[in-house]
Number of protein chains: 2
Amino acid sequence: MKLSTKGRYGVKAMLDLAIHSSEGHIPLKSIAERQNISENYLEQLFALLRKEGIVKSIRGAQGGYMLAHDPQEITVGAILRALEGSLAPVDCVTENDPAYCDRADRCVTKFIWKKIRDKVNEVVDSITLKDLVEEYRKLNPDEGYMYYI
Amino acid sequence: MKLSTKGRYGVKAMLDLAIHSSEGHIPLKSIAERQNISENYLEQLFALLRKEGIVKSIRGAQGGYMLAHDPQEITVGAILRALEGSLAPVDCVTENDPAYCDRADRCVTKFIWKKIRDKVNEVVDSITLKDLVEEYRKLNPDEGYMYYI
DNA sequence: TAATATCCAAGTAATTTGCTTGGAATTAAA
DNA sequence: TTTAATTCCAAGCAAATTACTTGGATATTA
């Protein structure tokens, strides 16, 4: 039941991006340096985030990434699902095209997995980037503009 | 965020054991056959469950496993944590000796992981084997005594 | 035209998962 | 007393997954 580095790095990187969102486009290199994540690996994560329409990019020199929406409209859930896929604990209760199971209609344990899935989604969908930015400023009042989150 | 087969097989096997709890000791062989799980692999799972005091065993011919407590006292949470370890999505919020992190006191994302951890535990701790047995009988009124769950 | 970026597809080492194998110890029944 | 059934235990191992790295092609600005 562990998140992979994709999910963890992804939320970190998106929070970094949100905190710097007033500065225009942010190159991955700067996020990678601040958060101590491989830039090449971040590329892969941002490709997924872009495909989901969570960030937008501009190529070339002085290019970089920006949030595609306001921070209060981007949930941790959207970020995590973009990077990790469904947060369902078992494939038979994935939201879209759940894995086939011939006893699905009489399966008892399925209800457990669904409840877990729904509660996890509920939690992560209730937290937005705006919440995280505010929490960050509260916890780190001294650091003008951020290091490692 | 997926459960491994340990957790999934474990809950299945424990439900099977609960349904057959009136029959005395149940050998793993019969659970393995009914649930279509490798008997040798089940041995490893039941070693963990026994270490946690969730099942008890009798060795030798006519031996087998039994629930160590009444079904209403055994939660899905206890089973899953015995088999999967902490259900925390990130090691820094494991209940006992969380992984060290030098920015733990100023970490924003930690709150997300804690909320997920707590909700997941809440769900699985609210479901007992008794609930599952009742649900099973409701969903499978025809099958006198069980096949694949 | 040089530097800075995103974009994209493979490759790969380390780790984890999901078992299997091979036996030793214990117990009940024949 | 032997045999069969069973738990107990420690290793071994192939396949899959993870967490990257490598090596470019393409786009944009200075």
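Numbers restart at 1 for each chain; the letters A, B, ... are given by sequence-line order, proteins then strands.
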Could you check whether B:Arg137 pairs with B:Glu134 (Lys NZ or Arg NE/NH1/NH2 to Asp/Glu carboxylate O, under 4.0 Å)?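 Salt bridge between B:Arg137 and B:Glu134, a charged N being under 4.0 Å from a carboxylate O: no.
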
Using a heavy-atom cut-off of under 4.0 Å over every strand shown, decide if B:Arg50 touches base, sugar-phosphate, or nothing.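 Sugar-phosphate contact only.
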
Under 4.0 Å between any heavy atoms, over every strand shown, what does B:Tyr65 touch: base, sugar-phosphate, or nothing? Just pick one.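 If one applies the 4.0 Å heavy-atom cut-off, B:Tyr65 turns out to touch the sugar-phosphate alone, with no base involved.
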
How long is the line joining [atom1] of [X] and [atom2] of [N], in whole Å?
X       : N      : atom1 : atom2 : answer
B:Lys56 : D:dC8  : NZ    : P     : 13 Å
A:Tyr41 : C:dG11 : OH    : C1'   : 15 Å
A:Leu48 : C:dA9  : CG    : P     : 12 Å
B:His25 : D:dA5  : NE2   : C1'   : 15 Å
A:Lys2  : D:dT18 : NZ    : C1'   : 15 Å
B:Leu3  : C:dT16 : CG    : P     : 17 Å
A:Phe46 : C:dA5  : CZ    : P     : 15 Å
A:Glu39 : D:dG23 : CD    : C1'   : 14 Å

Looking at [X], I'd like to know whether one of its side-chain N or O atoms comes within less than 4.0 Å of OP1 or OP2 on [N].
X       : N      : value
B:Ser4  : C:dT16 : no
B:Tyr9  : C:dG18 : no
B:Ser38 : C:dT20 : yes

Would you check if there is a donor-acceptor pair between the side chains of B:Thr5 and B:Tyr41 at a distance under 3.5 Å?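 B:Tyr41 vs B:Thr5: donor-acceptor pair found between side chains.
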
Examine distances only and state if a side-chain atom of A:Asn140 and a backbone atom of A:Tyr136 form a donor-acceptor pair shorter than 3.5 Å.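 At least one qualifying donor-acceptor pair exists.
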
Any donor and acceptor pair, going by atom type alone, linking the side chain of A:Thr128 with main-chain N or O of A:Asp131 inside 3.5 Å?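 Answer holds: yes.
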
Measure distances between side-chain N and O atoms of A:Gln44 and base N and O atoms of D:dT21, and say whether any donor-acceptor pair falls under 3.5 Å.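 Pair found.
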
Could you give the side-chain donor-acceptor pairs of residues 63-87 of chain B under 3.5 Å, partners two or more places apart or in another chain?
residue: B:His69; atom: NE2; partner: B:Gly53; partner atom: O; Å: 3.2
residue: B:Thr75; atom: OG1; partner: B:Gly77; partner atom: N; Å: 3.4
residue: B:Thr75; atom: OG1; partner: B:Ala78; partner atom: N; Å: 3.0
residue: B:Arg81; atom: NH1; partner: B:Asn121; partner atom: OD1; Å: 2.9
residue: B:Arg81; atom: NH1; partner: B:Asp125; partner atom: OD1; Å: 3.2
residue: B:Arg81; atom: NH1; partner: B:Asp125; partner atom: OD2; Å: 3.4
residue: B:Arg81; atom: NH2; partner: B:Asp125; partner atom: OD1; Å: 2.8
residue: B:Glu84; atom: OE2; partner: B:Ser4; partner atom: N; Å: 3.0
residue: B:Glu84; atom: OE2; partner: B:Ser4; partner atom: OG; Å: 2.8
residue: B:Glu84; atom: OE2; partner: B:Gly7; partner atom: N; Å: 2.9
residue: B:Ser86; atom: OG; partner: B:Ala88; partner atom: N; Å: 3.0
residue: B:Ser86; atom: OG; partner: B:Glu95; partner atom: OE1; Å: 2.6

Within the 4.0 Å limit for protein heavy atoms, which parts of nucleotides 23-30 of chain C are touched? Write it as a string from 5' to 3', B for base, S for sugar-phosphate only, - for none. --BBBS--

Taking the minimum atom-to-atom distance to the side chain of A:Ser57, which one of C:dT6, D:dC8, D:dA19 wins?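 From the listed options, C:dT6 comes nearest.
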
Select one nucleotide: of D:dC20, D:dA19, D:dT6, the one nearest the side-chain heavy atoms of B:Pro27.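 When the side chain of B:Pro27 is considered, D:dT6 is the closest of D:dC20, D:dA19, D:dT6.
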
Pairing residues for A:Ala104 by the side-chain contact (heavy atoms from CB on, under 4.5 Å) criterion, not counting sequence neighbours: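 By the side-chain contact (heavy atoms from CB on, under 4.5 Å) rule, A:Ala104 matches A:Cys101, A:Lys110.
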
Taking atom NZ as the centre, does B:Lys2 end up with more than 12 heavy-atom neighbours from other residues, nucleotides or ligands that are less than 6.0 angstrom away?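 Buried by this count: over 12 neighbours within 6.0 Å.
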
